[in-house]
Amino acid sequence: MLNTKTITDLKEGYSKGDFTPADVVKTLDKSIEEKDGEINAFISRDTEQALEAASKADTSLPLGGVPIAIKDNINVIGEPCTCASQFLKGAYKAPYNATIINKLLAAGAIPFGRANLDEFAMGSSTENSSFHKTKNPHDLSRIPGGSSGGSAACVGGDLAIAALGSDTGGSIRQPASHCGVVGFKPSYGRVSRYGLVAFASSLDQIGPLTKSVTDAALLTNVLAGHDPMDSTSLKIETPDFTQGINDGVAGKKIGVPKEYMDGDLHPAVKEAVQSAIKALEKEGAEIVEVSLPHTKYCVPTYYILAPAEASSNLSRFDGVRYGNRSTDVTDVLSMYENSREEGFGSEVKRRILLGTYVLSSGYYDAYYIKAQKVRTLIMQDFTKVFQVVDAIIAPVSPDPARKIGENDGDPLKEYLADIFTIAANLAGIPAISVPCGTASVDGKELPIGLQVLGPYLEDQTVFQVARAWEALYQD
Ligand code: GLN
């Protein structure tokens with residue numbers, strides 16, 4: 001079936017003339033028709049447009065004729081970009097392409113399908129979408145993770161070949177882990193954020209969700225690179241991320257953080273990560289126990305800084321410049337108030353309130369500045385460890401995908417489960433989730449991800465270690 005293929009498979013099939021990009025789009029469309037009624041990974045799609053692009057695709061290009069699903073917080077010119085929010089529903093069409101969309105198009109890719117997400121990317125379950133809840137393709141009673149839950153579910157459910165997501169505190173890696181796919185967050189500054197609707201600008205990165213580590217590297221080759229439209233994008237050469245990807249781990253030093261493995265881990269997650277550690281050791285990696293002593297401060301630090309930045313970024317949604325305006329308006333203040341009251345869902349409001357609080361005078365020093373200082377300590381934890389090891393391996397999520405609705409009314413419990421993914425964003429370092437086993441729960445096999453983290457800008461090392469594990473796992 002063409003919908004189960006990787007990017008690498010498509011490239012080979014196109015070059016041999018086995019099938020065409022239009023065949024792939026049609027097969028994906030059919031499987032979306034058949035399965036997305038239940039999975040609900042997509043917010044929208046334009047099959048006609050994708051078929052038109054497929055008919056003209058130049059398959060000699062790096063991603064020629066490869067359909068890619070796009071998280072619905074990335075601007076594609078002329079298309080709605082809803083961020084799964086009532087604020088933007090039916091009221092906004094992108095007037096420009098995100099830089100990464102221009103890069104995808106120049107590489108011959110076909111954007112196909114807009115993937116569901118937690119509203120404005122705030123969440124870890126995709127339950128915060130104001131449109132519909134996406135379900136885990138491995139068990140429809142469970143969450144796909146989030147916030148890029150639609151992107152992970154469409155790749156994991158074979159409704160897409162690959163997808164783009166955004167990762168502010170784990171939003172690519174955690175859903176990838178829950179849906180049994182690969183999800184990569186590049187080093188901060190590698191990939192332009194221009195045209196990504198900002199959540200927390202110092203943490204956000206766009207990245208790929210794919211069916212293989214090599215596919216993630218291939219997509220990152222296209223996404224990465226300096227963009228004058230994003231002042232945080234780095235002016236550095238983009239290496240070929242596939243280079244050395246099959247070189248294995250012999251002689252590599254790999255750290256395992258004791259704070260992660262000693263924590264509250266589901267037994268199946270612990271076992272899967274430990275068996276990956278053993279297998280990599282057998283391949284010649286040197287495994288070293290390391291310490292990231294500020295781990296326990298990651299969640300509180302993130303949940304001060306991310307809402308602070310979000311409260312500022314989301315101030316642009318005022319009913320004047322973007323999106324829906326309330327009709328219940330008597331004066332300018334009630335226009336702002338009622339538009340925001342009606343437009344935002346409860347999790348987004350909670351983040352805005354939290355963020356406004358920690359930035360307000362009197363609390364700014366106690367919370368925001370303090371959290372910035374702790375962020376530096378968290379970064380330094382990694383700098384120290386990476387003086388000794390080449391990469392770190394860790395769990396992605398403490399538990400396999402939970403039931404839909406299980407954490408309703410308990411945001412703290414939900415936030416605490418972000419413990420293993422947040423640090424990479426606070427430190428700006430690259431990290432990937434790669435499938436590493438399953439947990440048998442209620443008669444279903446729920447995917448578990450292994451996280452590989454590398455030093456800042458050592459994205460290639462992350463791919464290499466992840467690929468080494470993937471090769472062992474697939475055998
Ligand atoms: N779960 C985290 C949050 O809700 C991360 C979200 C993300 O990476 N976009 O903030």
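Numbers for residues simply follow the sequence, beginning at 1. Counting starts at 1 for both ligands and their atoms, following the listed order.
Using a 4.0 angstrom heavy-atom cutoff, Tyr302 counts as in contact with ligand 1. The shortest separation from a heavy atom of Arg351 to ligand 1 is under 4.0 Å, placing the residue in contact. Taking 4.0 Å as the cut-off, Ala306 does not count as a neighbour of ligand 1 on heavy-atom distance.
Remark: the Asp459 side chain and the Ser187 side chain contain an N/O donor-acceptor pair separated by less than 3.5 Å. Between the side chains of Thr295 and Glu259, not a single donor N or O lies within less than 3.5 Å of an accepting N or O. In the model, Asp215 has a side-chain atom that pairs as donor or acceptor with a side-chain atom of Thr8 under 3.5 Å. Side-chain contact of Asn338 with Ser326: a donor-acceptor pair under 3.5 Å is absent, judged by distance alone. Side chains of Glu414 and Asn407: a donor on one and an acceptor on the other come within 3.5 Å.
Contacts between Asp418 and ligand 1 below 4.0 angstrom, taking non-hydrogen atoms only, involve the side chain exclusively. At a heavy-atom cutoff of 4.0 Å, ligand 1 is contacted by no atom of Tyr415, backbone or side chain. Counting heavy atoms closer than 4.0 Å to ligand 1, residue Phe120 contributes nothing at all.
Inclusion of Ser171 in the set of residues having an N or O under 3.5 Å from an N or O of ligand 1 is warranted. Residue Met122 has no nitrogen or oxygen atom sitting less than 3.5 Å from a nitrogen or oxygen atom of ligand 1, judged on distance alone. Note: no N/O pair closer than 3.5 Å links Phe199 and ligand 1 by distance alone.
Atom numbering of ligand 1 starts at 1 in the shown order; those under 4.0 Å from a heavy atom of Ser124 are 1 (N). Applying the 4.0 Å criterion to heavy atoms of Gly170 picks out, from ligand 1, the atoms 8 (O). Counting the atoms of ligand 1 from 1 in the order shown, those under 4.0 Å from a heavy atom of Gly169 are 5 (C), 7 (C), 8 (O). Each of the following atoms of ligand 1 lies closer than 4.0 Å to a heavy atom of Tyr303: 1 (N), 2 (C), 3 (C), 4 (O), 10 (O). For ligand 1, the atoms sitting less than 4.0 Å from at least one non-hydrogen atom of Ala121 are 6 (C), 7 (C), 9 (N), numbered in the order shown with element in parentheses.
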* Go through the steps to decide whether Tyr363 and Tyr357 satisfy the test ring-ring contact (aromatic ring centres under 6.0 Å, His included), and finish with yes or no. => CA-CA 7 Å; Tyr363 296 107; Tyr357 181 80; 4.4 Å; yes
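In this structure a side-chain-to-backbone donor-acceptor pair under 3.5 Å is missing from Asp227 to Ser233. Looking at Lys185, its side chain never comes within 3.5 Å of a backbone N or O of Ile172 through a donor-acceptor pair. The closest donor-acceptor contact from the side chain of Asn324 to the backbone of Phe87 lies under 3.5 Å.
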